[in-house]
Each structure stands twice: as structure tokens, then as C-alpha cells.
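Okay, structure first, notes after.
Residue numbers start at 1 and run along the sequence shown.
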Amino acid sequence: MLKFKNVKWMNFLSTGNKFTEVDLTRSPSTLIVGQNGAGKSTMLDALSFGLFGKPHRNINKPQLVNSINGKGCEVQVSFEVGGVNFNIVRGIKPNKFEIWQNDIMINQDSNSRDYQKFLEQNVLKLNHKSFHQIVVLGSSSFIPFMQLSTNHRREVIEDLLDIQVFTKMNGLLRERSSKIKEDMVNINHQLDTTKEKMDLQRKHIKNIESINAEQVISKQTAAREKMDMITAFQAVNGSLSTFIDTHMTETTAKMTKLSDKKTQLNNFSFQITSNIKKVVADAKFYTNNDTCPTCTQDIGDDIKTTKIAEAKARAVELKAGQTELNTTMNEVAADILEVEGFQTQIFNSQSTINSNNSQIKLLQSDIDKLSKEVASLSINSGDLSEAKSELEELSVNKEMLNDEKLNLVDLRTYHEVISEMLKDTGIKTKVIKQYLPVMNKLINHYLQVLDFFVSFNLNENFEETIRSRHRDDFTYSSF
């Protein structure tokens, strides 16, 4: 129950810089009378402003401040709720809003709107509109209950019956339901991600399991075959290298010696040819000339015969020497051909070694590749147990997520049921239905006391049914 104790104000509307105070505890009822403009409605405006931050009448907030002083507007309202004393202090220029409970100010960390919401929902338990309908019945803003819309009628009755708590509960329920919805989205996303990971892990395990010992043996066999080929190439290269090492120096020296000898023989051949030409020329001279062209003396027959005989003897000697020289040169040429044959063999052997080395390099590269593949197969086989362990972890995680999802689904179902109960058509309607017969009975009783003989009835939607003496249907506006 809300029990007002005191209200005071200063610099509010037409009041001055000192508090005007009204004590509401002197007697059960307090009657305030006065001429127009004396300030009777000012008290109602002060009471409304102190509790809700807005006046009872339609006055702008800046107009509430005393126009002479222009500052220091302040209203204080003291009341009691359930044995707990409250004092509300509200001001303009400077702005002030304080809620005191048993002389201790309630924390002001929240903004003024939330602070006001706390006052209305947790302390006063009625809003400004209900305050006008229930507490203050001023002619300036009061609207008769029957002229209100059905929704506003319901709000007033809910305030009277103090069942707005179900509306608060419904608000909290919506927040929790929204949180559950977000959690469901997150859980579904995590489940989808986990399923994708499990599918990938299964494919990975399948790939690992498809690798067996036969593949390893096959690769190892291929590597051994290539190694045997490398050994064969290396053996050939060894033989060829031995051949080259054995004959290279000897062949080179022999070829040098034969080349020098061939050059020397060619020089001898040139000299013999030159001497033969000279002898032939001398023989022709003595044969064809009888006088010496130099000294003009006669050449005797004896001298000519002797010189010609000597020339022929010398020619025979040179001819024999040339024949012998040609034989030697042929022998040297044959030796050179033989040595050149060895050199060709050495060159071919070196080419074969180079080709074999290239093949060995390629084979060794293939062997290294096969070795890495075998090592990779071994590692993959070793990872099989680890991959299965990871799949098991993912499966356990999926089960946990499914359990969590089921819990959220159950909780969401409970919330849906509770939400139905907390709607206007739920518990509040049940409560109102309990009171409606009593309300209708009392209303009809007082209508008869007032000699207004009609049958009046409100349903759970607060729609009225009025029947006149002749049982015709009317509404409130009909009267």
C-alpha cells in the first residue's frame, strides 16, 4: 500500500525561494480549499513531478521553474510502501533526481531513464497514466474509466490488482528466450562445423588406410632395382676409367713422339727431293753444255763423262734413300693411326662415363624420391591412430553439442509454455476472471443504489455490455 506522508516544493511554478510544505499525516483525510490561482493544483503538479518527472497538468518542463528566480526548482515527496520509508528529490536548474530509502540514497549508476523505471516498477508499482486514474482524479487530465480504451482499462485494473509483475516476468522471459535463440544459432553453427571436420577426418583416415605394405614394398623394390642399375653403371665407369688411366699418358707421349718423328721425316724427304733436283740439273748441264758459262772454257769429254757418272751415282744413292725414307714414313703413319685409334677409344670411354654419370644422377634422384615416399607412407601409417583419436574427440564433442542442443530445445519449450501463461490471455486473464464477477456485482449494486436500473457487465477484455430495463443492448457512450 502506498501512503503519502509529505510533499514540499520551492521555485516551482509561482512559488518562491522557500519550501511550501503540506503534511499529509495529521489526519486520515486532508482537504485543501482556496480561491482560483491560490495553488491547489500546484500541489498536484508538484506531487506528479516529484514522482514521475512530469506535472499533473499539460505544462512544459521549462515552464515549471519560477520565472522570477529562474533556478533552484526542487520538489520532495515522502511516502511509505510496505513499512519502508522513501523520499524522492527532484529538481531543475540544477537537474536533480534522488531516491532515498530509509535515509539511504539508492545507487545512481544507471541513467535517469532506468532510475525512473526502477522507481515506477519496483517502488510505486504504477506508471504516470495509472497514477492519474487511481491516485489523482483532477478534472484537467482525468478520463473516466469507461471512456478509456479497453487496453487502458486493462492496464488500470492490472495496476489495481498488482498483477503487472507477470508483465515484468514476461519481459525477463523474452530476454532469456532471445538468449536461448542466440545459443541455438551458435550450437547449430558449431554442430555444422564439427560435422564438416568429422567428414574431412574420415576421408583422411580412409586415405591413410588405403596405403598398405604392398605399396611400400613396391617402392622399395623399385628403389633397389635403380640402385642395381647405378651399381652396373659405376662398374662400367670403373673399367673405363682404368682403361683411360692406363693408356692416356702412354698414348699422349707416343703420339707426341710420332708427330715429332713424322715432322723430321718430312724434312728429310724435302731435303732428298731438293738434292735429287740438283743432281738432275747438274747431269742435264754437263750433257747439254760443252762450254762453262761462267769462265767460257771448254769442258772436256772426260770431265763431262766423269760428272755425269757422278751425278747418276748420286741420283741412285738419293733414290735409294728416298725409298727407305718412304718406307719409314709409312710405318710412322701406321703407328699414328694406331695411336689415334686408342685416342678415339679413350674419348668414347670418357663420353660413356659422362653419360653414365648423368644416368646415375637421375636414378639417384628417383631413389631419393622413392625413399621420401616410403618415409611419408610410414609417417602416415603412424598417424592413423592419432587421426582416429581426433575423430573420436570430434564425435564426443558432437554428442556434447547435441546434448546441449536438446537441453536448449527443452528449455525453449518450457519458455514457450511459460510465455503462453504470462500473456494477457494467460494467468492475468485467470486472475481478472476471478475478480470480474465481484466487480460486476458491486457495480450493479451501486447502480441500483443510485436508482440507475440497468444490467452492467464487463468481460475479460473489458468490453462492457449494458442492458436497459427492456433488455436492449447499450454501450457506455449511448448514455
Is there a donor in the side chain of Lys5 and an acceptor in the side chain of Asn85, or the other way round, less than 3.5 Å apart?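 There is such a pair (donor and acceptor under 3.5 Å, judged by atom type) between the side chains of Lys5 and Asn85.
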Taking the side chain as every heavy atom from C-beta outward, state whether [X] and [Y] have any pair of such atoms under 4.5 Å apart.
X: Ile104; Y: Gln101; result: no
X: Ser358; Y: Asn354; result: no
X: Val75; Y: Leu64; result: no
X: Leu13; Y: Arg57; result: yes
X: Glu392; Y: Val396; result: yes
X: Glu74; Y: Trp9; result: no
X: Ser419; Y: Asn170; result: yes
X: Asn122; Y: Phe118; result: yes

* Take Phe79 and Val123, measure what side chain to side chain contact (heavy atoms under 4.5 Å, CB included) needs, and give me the verdict at the end. => CA-CA 10 Å; Phe79 57 90; Val123 179; 3.8 Å; yes
The reported gap from CD1 in Ile187 to CG in Leu408 (rounded to nearest 0.5 angstrom) is 6.0 Å
So with a 6.0 Å cut-off around [atom1] of [X], is the heavy-atom count from everything else above 12?
X: Met198; atom1: CE; result: yes
X: Asn58; atom1: CG; result: no
X: Gln220; atom1: CD; result: yes
X: Met400; atom1: CE; result: no
X: Tyr414; atom1: OH; result: no
X: Ile68; atom1: CD1; result: no

Least distance between heavy atoms, Ile59 atom then Pro55 atom: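 So the two residues come closest at O-CG, 3.4 Å.
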Shortest non-hydrogen pair, Val65 vs Gly70, comes out as CG1-C, 3.5 Å
_Taking Asp368 first and then Lys372, would you say they form a salt bridge - that is, a charged N and a carboxylate O separated by under 4.0 Å?_
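Looking at Asp368 and Lys372, the cut-off is not met.
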TODO: Using a strict 4.0 Å threshold on nitrogen-to-oxygen distance, state whether Arg202 and Asp199 make a salt bridge.
DONE: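 Asp199 and Arg202: salt-bridged.
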[X] (side chain) donor-acceptor with [Y] (main chain) under 3.5 angstrom:
X: Thr231; Y: Met227; value: yes
X: Asn457; Y: Thr465; value: no
X: Thr413; Y: Val409; value: yes
X: Ser351; Y: Phe347; value: yes
X: Ser177; Y: Leu173; value: yes
X: Thr344; Y: Glu340; value: yes
X: Lys40; Y: Ile32; value: no
X: Ser349; Y: Gln345; value: yes
X: Gln116; Y: Leu51; value: yes
X: Asn69; Y: Lys71; value: no

Discussion item. Assess the residue pair Lys405 and Met184 against the criterion (side chain to side chain contact (heavy atoms under 4.5 Å, CB included)); give the C-alpha distance rounded to whole Å, side-chain angles, the decisive distance to 0.1 Å, and a yes or no.
Written reply: CA-CA 7 Å; Lys405 181 179 179 179; Met184 286 288 290; 4.2 Å; yes
Residues at least two apart in sequence or cross-chain that pass ring pair (Phe, Tyr, Trp, His ring centres under 6.0 Å) with Phe97, listed by chain then number, are Tyr115
Sorted by chain and number, sequence neighbours left out, ring pair (Phe, Tyr, Trp, His ring centres under 6.0 Å) with Phe233 holds for none
Practice prompt. Would you check, one step at a time, whether the test side chain to side chain contact (heavy atoms under 4.5 Å, CB included) holds for Gln448 with Phe453?
Written response: CA-CA 6 Å; Gln448 292 178 10; Phe453 298 102; 4.3 Å; yes
With sequence neighbours left out, the residues meeting side-chain contact (heavy atoms from CB on, under 4.5 Å) with Asn60 are Pro62, Gln63
Inset, instruction - Kindly assign one of parallel, tilted or perpendicular to the pair His128 and Phe52, based on the angle between their ring planes and the thresholds 30° and 60°. - result: perpendicular
Practice problem: For side chain to side chain contact (heavy atoms under 4.5 Å, CB included), just list the numbers for Asn237 and Ile360, CA-CA rounded to whole Å, side-chain angles, deciding distance to a tenth of an Å, and then say yes or no. | Solution: CA-CA 11 Å; Asn237 286 351; Ile360 289 171; 3.9 Å; yes
